[in-house]
There are 2 protein chains.
Amino acid sequence: MAALHDDVLDRVGQRIVSGELPAGTVLTLDGLDRDYGVSRSVSREAVRVLAALGLLATKRRVGLTVQDRSGWQVFDPRVIRWRLDVGDRTDQLRSLGELRSGFEPVAASLAALRATPEQCGALSSAAEDMVIHGRAGDLAAYLDADVRFHSTLLEASGNEMLAALGGVVTEVLTGRTHHHLMPSAPLEEAIDLHGRVARAVRAGEPDVARVAMEAIITEATAAMTEDMA
Amino acid sequence: MAALHDDVLDRVGQRIVSGELPAGTVLTLDGLDRDYGVSRSVSREAVRVLAALGLLATKRRVGLTVQDRSGWQVFDPRVIRWRLDVGDRTDQLRSLGELRSGFEPVAASLAALRATPEQCGALSSAAEDMVIHGRAGDLAAYLDADVRFHSTLLEASGNEMLAALGGVVTEVLTGRTHHHLMPSAPLEEAIDLHGRVARAVRAGEPDVARVAMEAIITEATAAMTEDMA
DNA sequence: TGCAAGCATTAATCTGATTTTTACAAGACC
DNA sequence: GGTCTTGTAAAAATCAGATTAATGCTTGCA
């Protein structure tokens with residue numbers, strides 16, 4: 001099912017973020033063709049994308065040079081996923097957590113000022129689903145509701161760049177569930193906080209929404225650090 | 001000099017973000033070959049990158065469909081540049097301002113905990129330069145110091161994702177000066193706040209740093225909105 | 001020792017052919 | 001008439017061969 005292009009892209013991307021191919025390593029297109037048994041078009045297009053993501057640089061007569069982490073497009077969902085899958089998961093999640101503690105409270109407060117009735121409804125419904133599936137212990141359905149909640153909230157902020165961070169948050173939530181960095185049963189307190197945010201947004205209370213969202217991130221960070229220790 | 005690949009990439013990218021090719025428009029690879037007079041490899045690789053940026057989606061038997069803005073990788077430097085060049089500059093700057101109000105205070109507070117002595121020095125020196133050039137009314141030198149201040153601070157947060165947002169902040173600062181959305185002489189208060197952040201970071205006082213940085217963003221937003229009215 | 005010419009390597013580009021997927025339509029059936 | 005199957009063609013995806021253009025490195029000369 002997975003197309004050859006995506007296959008090569010994923011595999012090389014993962015080898016780079018995992019550190020198997022450290023910065024400075026030099027590859028060649030011919031080498032990739034042989035390694036993966038694909039035609040030049042496939043490896044060529046994969047390399048172009050990796051170069052766009054800042055993971056590789058191409059140079060004539062030299063080849064493909066693996067780039068230092070400082071040049072990576074760390075906001076690209078693909079890079080985030082690779083790093084969560086095979087890279088420095090802990091560092092990555094800490095970075096993302098700190099970042100979220102910055103922009104999600106702002107998004108919550110903006111959403112309280114700008115959310116449409118439909119978005120308020122979607123938010124409440126997602127929060128309710130979290131209650132139901134959280135209590136039932138259905139982690140997959142809980143995750144789905146969690147993702148819906150945060151994506152809707154960021155969308156409702158009316159700020160397209162905050163909305164664009166929805167992909168990043170989705171990767172974090174999915175990643176930490178997938179890698180078992182979550183309590184086996186979601187905490188009652190976390191679930192409750194989501195409901196509080198939803199109500200504050202509906203009531204148009206930006207400060208209440210912001211504070212509740214700050215608590216969500218703090219709680220999530222604490223839960224995760226404990227779990228990793 | 002500019003390679004064919006980058007040429008096609010830039011041109012198609014700009015046509016999309018400018019709205020000349022609205023979401024839903026369907027193109028074909030053959031069409032691009034003809035339009036730009038390049039071979040399939042070139043258009044193919046450009047399309048692959050555009051697809052990675054979320055601007056296009058490819059589908060067999062259909063062609064290339066221009067995607068809605070909601071899927072764009074709006075944090076990619078290429079996309080930011082295209083939008084500042086041919087897109088909606090003012091909306092873009094407002095979005096970026098709201099985003100900054102989220103992550104810069106967090107970065108300031110983290111920097112107070114983690115900045116190295118060298119970074120503290122660079123921060124203080126940038127703040128001093130802002131005083132000097134601000135009072136002298138040298139806008140270009142002031143901007144340079146301002147950019148140095150914020151980039152250093154984000155770097156000093158010790159969080160690579162916050163550091164990666166340095167480029168974004170630079171765009172905001174440069175953009176608003178370039179488009180005359182700044183007071184002709186920087187406000188004494190704004191300059192003073194930067195010094196306060198630098199001192200708080202050096203002293204290791206995260207809360208003071210955070211509050212001062214919040215004030216910087218609030219002041220900047222107010223100044224810009226007034227100017228636009 | 002320094003410099004310039006030439007060589008060899010590798011990405012960049014062009015081209016033609018084949019394979020695979022799949023939207024759409026024509027026909028078959030109820 | 002409406003739904004289901006089947007066939008066809010359109011377009012991307014992939015493969016493969018050849019040519020072009022930069023450019024790092026070496027060689028030879030002064």
Side-chain angles (χ1 to χ4, degrees), chain A residues 1-16 20-68 71-73 76-78, chain B residues 1-16 21-68 71-73 77-78:
Chain A
M1 175 67 226
L4 287 180
H5 167 80
D6 295 302
D7 204 40
V8 173
L9 181 57
D10 274 336
R11 294 221 260 163
V12 179
Q14 287 179 347
R15 286 177 69 192
I16 293 175
E20 182 193 331
L21 300 173
T25 307
V26 175
L27 307 170
T28 64
L29 281 167
D30 280 347
L32 290 183
D33 296 342
R34 264 182 284 107
D35 289 352
Y36 295 103
V38 294
S39 73
R40 275 182 309 245
S41 348
V42 174
S43 61
R44 200 123 220 314
E45 289 162 24
V47 164
R48 279 281 202 227
V49 174
L50 288 168
L53 294 178
L55 269 61
L56 284 179
T58 67
K59 206 150 176 260
R60 277 178 150 125
R61 165 75 209 226
V62 175
L64 319 168
T65 313
V66 177
Q67 298 295 291
D68 186 79
W72 295 357
Q73 295 298 318
D76 188 284
R78 243 178 300 249
Chain B
M1 175 67 228
L4 287 180
H5 169 79
D6 295 303
D7 203 40
V8 173
L9 181 58
D10 274 336
R11 293 220 260 163
V12 179
Q14 288 181 346
R15 287 176 69 190
I16 293 175
L21 300 173
T25 307
V26 175
L27 307 170
T28 64
L29 282 167
D30 280 346
L32 289 183
D33 296 343
R34 266 182 281 106
D35 289 352
Y36 296 103
V38 294
S39 74
R40 277 182 315 237
S41 350
V42 174
S43 61
R44 201 128 218 315
E45 288 162 25
V47 164
R48 274 262 139 91
V49 173
L50 288 167
L53 294 178
L55 269 60
L56 283 179
T58 67
K59 207 150 176 256
R60 278 174 148 127
R61 165 75 209 230
V62 175
L64 320 167
T65 312
V66 176
Q67 297 296 287
D68 187 78
W72 296 356
Q73 297 296 322
R78 249 178 295 252

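Hydrogens, waters and symmetry mates are skipped; everything else that's a heavy atom, side chains included, is used. Just so it is clear, the structure is predicted and the values come from calculations on it, not from any experiment. In what follows, chains carry the letters A, B, and so on, assigned in the order in which the sequence lines appear, proteins first and then strands, with residues in each chain numbered from 1.
Atom CG of A:Leu27 and atom P of C:dT10 are 12 Å apart (whole Å). In this structure, B:Arg44 places its CZ atom 15 Å from P of C:dC14, rounding to the nearest Å. Computed from coordinates, the A:Leu4 CG to C:dT19 P distance equals 15 Å when rounded to whole Å. When the P atom of C:dA12 is taken as reference, atom CG of A:Asp30 falls 12 Å away, rounded to whole Å. The distance from atom CG of B:Leu29 to atom C1' of D:dT14 is 13 Å, rounded to the nearest whole Å. As rounded to whole Å, 13 Å separates atom C1' of C:dT10 from atom CZ of A:Arg34. Following rounding to the nearest Å, A:Asp33 (CG) and D:dT14 (P) show an atom-to-atom distance of 13 Å. The distance from atom CD of A:Glu45 to atom C1' of C:dA12 is 13 Å, rounded to the nearest whole Å.
One finds the CG atom of B:Asp30 at 7.5 Å from the CZ atom of B:Arg40 (value rounded to the nearest 0.5 Å). Here the straight-line distance linking atom CG of A:Asp76 with atom CG of B:Leu53 works out to 8.0 Å at 0.5 Å rounding. Remark: A:Asp35 CG to A:Ser43 OG distance equals 10.0 Å, nearest 0.5 Å. A distance of 12.0 Å separates CG of A:Leu4 from CG of A:Leu9, quoted to the nearest 0.5 Å.
Between A:Thr58 and the phosphate of C:dA12, there is a side-chain N or O to OP1/OP2 separation shorter than 4.0 Å. Under 4.0 angstrom from either OP1 or OP2 of D:dC15 there lies at least one side-chain N or O belonging to A:Ser39. Neither OP1 nor OP2 of C:dA11 sits under 4.0 Å from any side-chain N or O of A:Arg48. Contact annotation: A:Arg40 side-chain N/O to C:dA11 OP1/OP2 distance is not under 4.0 Å. The phosphate of C:dA12 has neither OP1 nor OP2 within less than 4.0 Å of any side-chain N or O from B:Ser41.
If you check distances only, the side chain of B:Arg60 does reach the base of C:dT20 with a donor-acceptor pair under 3.5 Å.
Side-chain contact between A:Asp7 and A:Arg11 is present, with at least one heavy-atom pair separated by less than 4.5 Å.
Looking at the side chain of B:Lys59, the nearest of the listed nucleotides C:dT15, D:dG17, C:dA23 is C:dA23. Among the nucleotides C:dC24, C:dC14, D:dC25, the one closest to any side-chain atom of B:Arg61 is C:dC24.
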